[in-house]
Amino acid sequence: MEAHIIEWLNLSVRWLHMITGIAWIGASFYFIFLENNLNRSKNLREELTGNLWAVHGGGFYYLEKYKHSPEKIPKDLHWFKWEAYFTGLSGFTLLCIVYYYNANAYMIDPSVMALTSLQAIGIGIGSIIISWIIYDLMCKSPMVKQQKLFALFGFLLLVGLTYGLTHLLSARAAYIHIGAIIGIIMVLNVFFVIIPSQKIMVASAMKGEIADPSYGQKALMRSIHNNYMTLPVLFIMISNHFPSTFGHKNSWLVLAGLMLAGAAIRHWFNLRGKKISNYWLLPFAIVLLIGLVIYTKPENKLIDQQNTNAVTDMQAMQIINKHCISCHAAKPTSTIFAQAPKGLMLEDFETIKANKDKIKAQSVNAQIMPLGNSTKMTDSERQVLGAWINRL
Ligand code: HEC
């Protein structure tokens, strides 16, 4: 019953997280589009910096952007903040439901480090808090004015952190925590900097004063940082569908490559939006991604050494019985799951055969199954299973 309730909690919070996340990132992309496409020269009133006509959903829209605050601040001023807050809150709740609640299975991999649940959760939450503090200090330091240095330093810190986390937690938990760190930095940027700065600007405008421009600049800078973080963070959120990324033995390097490619693609789009042509960023990102495809190619060396034909069906079925069916069964004996995860039941020969590629991907090429290696599957058992699948 408990596992059933957790599944539904997981479902509803994840649903909310996706919806608010789409609303937030959608609004963020839309405003960048507006900035880049405003008509800034033709037939503008003196007080405007630009305007834009659009047609959407069967209607015509007309928008204007002011140079400074308008003479009178309208009562209905839309703020765009709840999307960000709810994405952050639902994301953290999801982290608790999926990872912290079952820390033993999802956070810890004894072959990486034998931690207790409390230690693993402490590392997870601690890394989020420390990362925000470091990032915020960086933003307040003079380095922030040198954009390239700031980006390089920030990226190297993030890669260092990824390396550290993948050597402490299970690879899957390490990945999701890097995603959580980036996502929470984005939300706190909205909460601590962007919205408070805008409040100061609105308050000044109401008094008929012009606000100190540094508030607007700070908010804009954090907004730009958020923009570059969207592509990497979105990949990390879906990464656990892709075992060849987090299941790779150097999963930190794979994530570093993916984050770099994501930020490069975002930068290329931002430049294009400003009508600046760039010839190397996009090819660079594509070459990097192709490099990753090659780098993560499964190694079959060990398996080939086995005498493939010598592995009997019986041997393979025994391995699966021992290591998989506590979860992947119609009625799992594992207390964590009420139903077979992903509906995958590995109880009969035909289903196992039908899912052989998936099984190989998850438990031979990458070693992410059994979850958290809870049943202590050995390397030689993985090779035997791989050899048998090759023979099928
Ligand atoms: C402790 C429970 C547990 C054990 C034991 C376990 N798994 Fe899993 N398995 C899971 C969970 C949970 C998922 C879903 C992961 C996710 O959310 O992506 C999963 C997903 C999978 C998938 C992906 C299915 C899909 O459609 O994406 C495969 C394949 C798989 N497991 C194979 C195995 C094999 C093979 C073994 C034994 C060597 C094994 N599992 C042992 C819990 C377990």
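Computed over heavy atoms, backbone and side chain alike; hydrogens, waters and symmetry mates excluded. Numbering starts at 1 and runs along the sequence shown. Counting starts at 1 for both ligands and their atoms, following the listed order.
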Visitor: For atom 5 (C) of ligand 1, what is the closest protein heavy atom, and at what distance to 0.1 Å?
Guide: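 Looking only at protein heavy atoms, the one closest to atom 5 (C) of ligand 1 is His323 O, 3.2 Å.
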Visitor: Measure Phe242 to ligand 1 on non-hydrogen atoms and call it side chain, backbone, both or neither using the 4.0 Å cut-off.
Guide: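 None of Phe242 does.
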Visitor: On the six-membered ring of Phe191, is Arg222 placed so that its NZ or CZ lies under 6.0 angstrom from the centre and within 45° of the ring axis?
Guide: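 Geometry flag: not set, cation outside 6.0 Å or 45°.
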Visitor: Give me the residue, atom name and distance of the protein heavy atom closest to atom 13 (C) of ligand 1.
Guide: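 Result: Pro341 CB, 3.5 Å.
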Visitor: Tell me if a side-chain donor or acceptor on Asn250 pairs with a main-chain N or O of Leu253 at a distance below 3.5 Å.
Guide: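 No: the side chain of Asn250 does not pair with the backbone of Leu253.
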Visitor: Determine yes or no for a side-chain-to-main-chain donor-acceptor pair under 3.5 angstrom, with Asn226 supplying the side chain and Met186 the backbone.
Guide: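 Yes: the side chain of Asn226 pairs with the backbone of Met186.
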Visitor: Which protein heavy atom lies closest to atom 28 (C) of ligand 1, and at what distance to 0.1 Å?
Guide: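 Nearest protein contact, heavy atoms only, for atom 28 (C) of ligand 1 is Leu344 CD2, 3.4 Å.
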Visitor: Find all atoms of ligand 1 within a distance of less than 4.0 Å from any non-hydrogen atom belonging to Phe337, and give their numbers and elements.
Guide: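 The list of qualifying atoms is 2 (C), 12 (C).
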Visitor: Out of Lys360, Lys322, His241, His328, indicate the one that has the non-hydrogen atom closest to atom 39 (C) of ligand 1.
Guide: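 Ranked by closest heavy atom to atom 39 (C) of ligand 1, first place is His328.
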Visitor: May I ask you to identify the nearest protein heavy atom to atom 1 (C) of ligand 1, giving residue, atom name and distance to one decimal place in Å?
Guide: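 Scanning the protein heavy atoms, the shortest distance from atom 1 (C) of ligand 1 goes to Cys327 SG, 2.7 Å.
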Visitor: Nearest 0.5 angstrom please: Arg272 CZ to His267 NE2, how far?
Guide: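 Interatomic distance, Arg272 CZ to His267 NE2, rounded to 0.5 Å: 14.5 Å.
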Visitor: Ignoring hydrogens, just give me the one of Lys358, Lys342, Gln362 whose non-hydrogen atom is nearest atom 23 (C) of ligand 1.
Guide: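 Closest candidate by heavy-atom distance is Gln362.
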Visitor: Could you check whether any heavy atom of Ile359 sits closer than 4.0 Å to an atom of ligand 1, since that is the contact criterion I want to use?
Guide: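 Yes, Ile359 has heavy atoms under 4.0 Å from ligand 1.
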Visitor: How does Cys324 reach ligand 1, if at all, at less than 4.0 Å between non-hydrogen atoms: by side chain, backbone, both, or neither?
Guide: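 Both backbone and side chain.
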Visitor: One residue to check: Arg172. Relative to ligand 1, which of side chain, backbone, both or neither has a non-hydrogen atom less than 4.0 Å away?
Guide: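 It is the side chain that gets close, since no backbone atom is under 4.0 Å.
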Visitor: Please walk me through it: do Ser117 and Ile108 pass side-chain contact (heavy atoms from CB on, under 4.5 Å)?
Guide: CA-CA 7 Å; Ser117 297; Ile108 302 164; 4.2 Å; yes
Visitor: Taking 4.0 angstrom as the limit and counting only heavy atoms of Tyr106, give me the atoms of ligand 1 inside it, by number and element.
Guide: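 Checking each atom against Tyr106, I get 12 (C).
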Visitor: Counting only N and O atoms by type, is there a donor-acceptor contact under 3.5 Å from the side chain of Arg382 to the main-chain atoms of Ser363?
Guide: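 At least one qualifying donor-acceptor pair exists.
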Visitor: For residues His323 and Thr375, is any side-chain donor paired with an opposing acceptor at under 3.5 Å?
Guide: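 Yes, Thr375 and His323 have a side-chain donor paired with an acceptor closer than 3.5 Å.
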Visitor: Among all protein heavy atoms, pick out the one at the shortest distance from atom 19 (C) of ligand 1; state its residue, atom name and that distance to 0.1 Å.
Guide: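 The closest one turns out to be Met369 CE, 3.1 Å.
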Visitor: Would you mind telling me if ligand 1 is within reach of the side chain of Ser363, the backbone, both or neither, using heavy atoms under 4.0 Å?
Guide: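 Only the side chain of Ser363 comes within reach of ligand 1.
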Visitor: With heavy-atom distances below 4.0 Å as the criterion, list the atoms of ligand 1 near Met377.
Guide: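 Within the 4.0 Å cut-off of Met377, ligand 1 contributes 38 (C).
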Visitor: Could you report the tightest heavy-atom contact between Thr166 and Tyr163, atom names first, then the distance?
Guide: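 Reported closest heavy-atom pair: OG1-O, 2.9 Å.
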Visitor: I'd like to know whether ligand 1 has Ser326 as a neighbour, heavy-atom separation below 4.0 Å.
Guide: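 Yes, Ser326 has a heavy atom closer than 4.0 Å to ligand 1.
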Visitor: Between the main-chain N or O of Ile368 and the side-chain N or O of Arg172, is there a donor-acceptor pair closer than 3.5 Å?
Guide: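 A pair under 3.5 Å: no.
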Visitor: Distance only, no hydrogens: is a donor on one side chain within 3.5 Å (strictly under) of an acceptor on the other, for His225 and Tyr135?
Guide: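 Side-chain D/A pair, His225 to Tyr135: present.
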